[in-house]
*Asks:* 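Have a look at the structure that comes next, please.
Labels below follow one simple rule: chain letters A, B, ... track the order of the sequence lines, proteins then strands, and each chain is numbered from 1.
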There are 2 protein chains.
Amino acid sequence: PSRLPVYATHQVGVAGTVFDEATGRVLVVQDRNKSKNTWKFPGGLSDPGETIVNTAVREVFEETGIKSEFKSLLSVRQQHQHPGAFGNSDMYFICRLKPLSFEINFCQQECVRCEWMDIVKLVRTTDTTPITNRIARLLLYGFREGFEKIDLQVKELPAIYTGLFYQLYHKELPESYEQICS
Amino acid sequence: PSRLPVYATHQVGVAGTVFDEATGRVLVVQDRNKSKNTWKFPGGLSDPGETIVNTAVREVFEETGIKSEFKSLLSVRQQHQHPGAFGNSDMYFICRLKPLSFEINFCQQECVRCEWMDIVKLVRTTDTTPITNRIARLLLYGFREGFEKIDLQVKELPAIYTGLFYQLYHKELPESYEQICS
């Protein structure tokens, strides 16, 4: 099949699940422009040229005032005819972040509420979306049985032609498999 | 931050690693338009509105003549200023497929070679790209220690507003976590 025409079909969004392992709580928000009191994870669209990792950290900070660092990629959602994408498709990445600060200072334009919520409470609430509920269950699984069960690691590799770097996400590869000689 | 303007920034491509568990071999090709004898996995760009799952199966069939079924998502790569994307960014998904046929009938326009290669040979060859080498190691790990170590499952969920479905990919969630009541 021909490689032409080549054009962009997807917008990219990123959500950050900032999980505090010391307390078992996760950072959640309620959007201002929603009819229901729906808890969700902070996030938003990537700027052009921005990495998934950087979008996650930036959007969490802009929306909630919480500083964080990237730990892993947890999930990807692909949605066609996304209502917020004006006919484009939407690729949405859900990341796990570690909090570096704890005092919430949320964006009043975007959110009406923001809090650290116990992960079990988030799993049990009906005031949420199907995707948030599923990711909450995944986080609870990781918290109780080890985050290596749910985490995808990121590795930066050099692109041959551009001299730039790309990011590759997958389950962690044990050292013994890294070291097999070519 | 404003949600406007919203526009597509990424093209989406998909590679299929068709792995035959009975023999430990994987389907690889060599592109016609490359200077080196570089082994890679078959794949290509998604059509507008096409799911990752369907692109993987379609591209493998068009390129190699092999019929297959989707098993899991293994990896995602994000690359900005991708040479083949004319200034767009590229999101590339690597899937694991199960072969449903074995007789190769490859596309002569796209490929110069196509074969079932032992996964250990693919891990050890230098005639490949960094990303293919890394995914080969991941496949070897899954083959030896269980594919549940590397697989992301896909789940179709209903989108609230459009009535359409979206696909959510993440590590399999144990039944006990699926069943916690809301």
*Asks:* Contact part of A/Y92 toward chain B, heavy-atom cut-off under 4.5 Å: side chain, backbone, both or neither?
*Replies:*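 Neither part, no heavy atoms under 4.5 Å.
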*Asks:* Of all of A/M91, A/E172, A/R137, A/E178, which one pairs up most often with chain B through heavy atoms under 4.5 Å apart?
*Replies:*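 Counting heavy-atom pairs under 4.5 Å, the top option is A/R137.
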*Asks:* Identify whether A/I52 and A/L97 are in the same connected component of the hydrophobic contact network (ILVMFWY, side-chain heavy atoms under 4.5 Å).
*Replies:*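 Yes.
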*Asks:* Taking only heavy atoms into account, what residues of residues 12-27 of chain B are found under 4.5 Å from chain A?
*Replies:*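 Within residues 12-27 of chain B, the residues that come under 4.5 Å of chain A (heavy atoms only) are B/V12.
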*Asks:* Out of B/S176, B/S89, B/C181, B/P158, return the one with the most heavy atom pairs under 4.5 angstrom to chain A.
*Replies:*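 Greatest number of close heavy-atom pairs with chain A: B/C181.
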*Asks:* Does any backbone or side-chain atom of A/I180 lie under 4.5 Å from a heavy atom of chain B? Answer side chain, backbone, both or neither.
*Replies:*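 Both parts, backbone and side chain.
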*Asks:* So how far is it from A/Y169 OH to B/L152 CG, rounded to the nearest 0.5 Å?
*Replies:*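 The CG atom of B/L152 is 13.5 Å from OH of A/Y169, to the nearest 0.5 Å.
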*Asks:* Decide whether B/V28 and B/V112 are clustered together by the hydrophobic rule: side chain heavy atoms of Ile, Leu, Val, Met, Phe, Trp, Tyr closer than 4.5 Å, transitively.
*Replies:*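 Different clusters.
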*Asks:* With hydrophobic residues grouped by side-chain heavy-atom distances under 4.5 Å, do A/I119 and A/M117 end up in a single group?
*Replies:*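 Yes; A/M117 is reachable from A/I119 via cluster members.
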*Asks:* Are there residues of residues 71-80 of chain A that reach to under 4.5 Å of chain B by heavy atoms, and which ones?
*Replies:*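 Hits under 4.5 Å: A/L74, A/S75, A/V76, A/R77, A/Q78, A/Q79, A/H80.
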*Asks:* In terms of hydrophobic clustering (I, L, V, M, F, W, Y; side-chain heavy atoms under 4.5 Å; direct or indirect links), are A/V60 and A/V57 co-clustered?
*Replies:*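 Yes; A/V57 is reachable from A/V60 via cluster members.
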*Asks:* As an exercise, state the distance from CG of A/D151 to NE2 of B/H170, rounded to the nearest 0.5 Å.
*Replies:*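 NE2 of B/H170 is found 13.5 Å from CG of A/D151.
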*Asks:* Side chain, backbone, both or neither: which part of A/E156 has a non-hydrogen atom closer than 4.5 Å to chain B?
*Replies:*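 Neither part.
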*Asks:* Testing the basics here: between A/R134 and B/K155, what is the closest heavy-atom pair and its distance to 0.1 Å?
*Replies:*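 Between these two residues, the closest heavy atoms are CZ-CD, 3.1 Å.
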*Asks:* Do A/L164 and B/Q81 come within less than 4.5 Å of each other through their side chains, counting heavy atoms only?
*Replies:*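 With C-beta onward as the side chain, the pair touches.
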*Asks:* Quick check: do A/Y166 and B/I131 have side-chain heavy atoms less than 4.5 Å from each other?
*Replies:*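 They are in side-chain contact.
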*Asks:* Counting only heavy atoms closer than 4.5 Å, note whether A/S46 contacts chain B via side chain, backbone, both or neither.
*Replies:*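 No part of it gets close to chain B.
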*Asks:* Give, as side chain, backbone, both or neither, the part of A/D90 having an atom under 4.5 angstrom from any heavy atom of chain B.
*Replies:*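 Neither; nothing under 4.5 Å.
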*Asks:* For A/T132, what residues pass the side-chain contact (heavy atoms from CB on, under 4.5 Å) criterion, not counting sequence neighbours?
*Replies:*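 side-chain contact (heavy atoms from CB on, under 4.5 Å) check on A/T132 returns A/K40, A/F41, A/L122, A/T128, A/T129.
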*Asks:* What parts of residues 139-150 of chain A touch chain B if we use heavy atoms and a cut-off under 4.5 Å?
*Replies:*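 A/L140, A/Y141, A/R144, A/E145, A/K149, A/I150, listed by number.
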*Asks:* With a 4.5 Å cut-off on side-chain heavy-atom distances among I, L, V, M, F, W and Y, is there a chain of contacts connecting B/L100 to B/W116?
*Replies:*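 They do not share one cluster, since no chain of ILVMFWY contacts under 4.5 Å joins B/L100 to B/W116.
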*Asks:* Heavy-atom distances under 4.5 Å only: say whether A/L168 touches chain B with side chain, backbone, both or neither.
*Replies:*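 For A/L168, heavy atoms of backbone and side chain both lie under 4.5 Å from chain B.
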*Asks:* Between B/L157, B/V123, B/T126, who has the most heavy-atom pairs with chain A when the cutoff is under 4.5 Å?
*Replies:*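 Highest number of pairs under 4.5 Å: B/V123.
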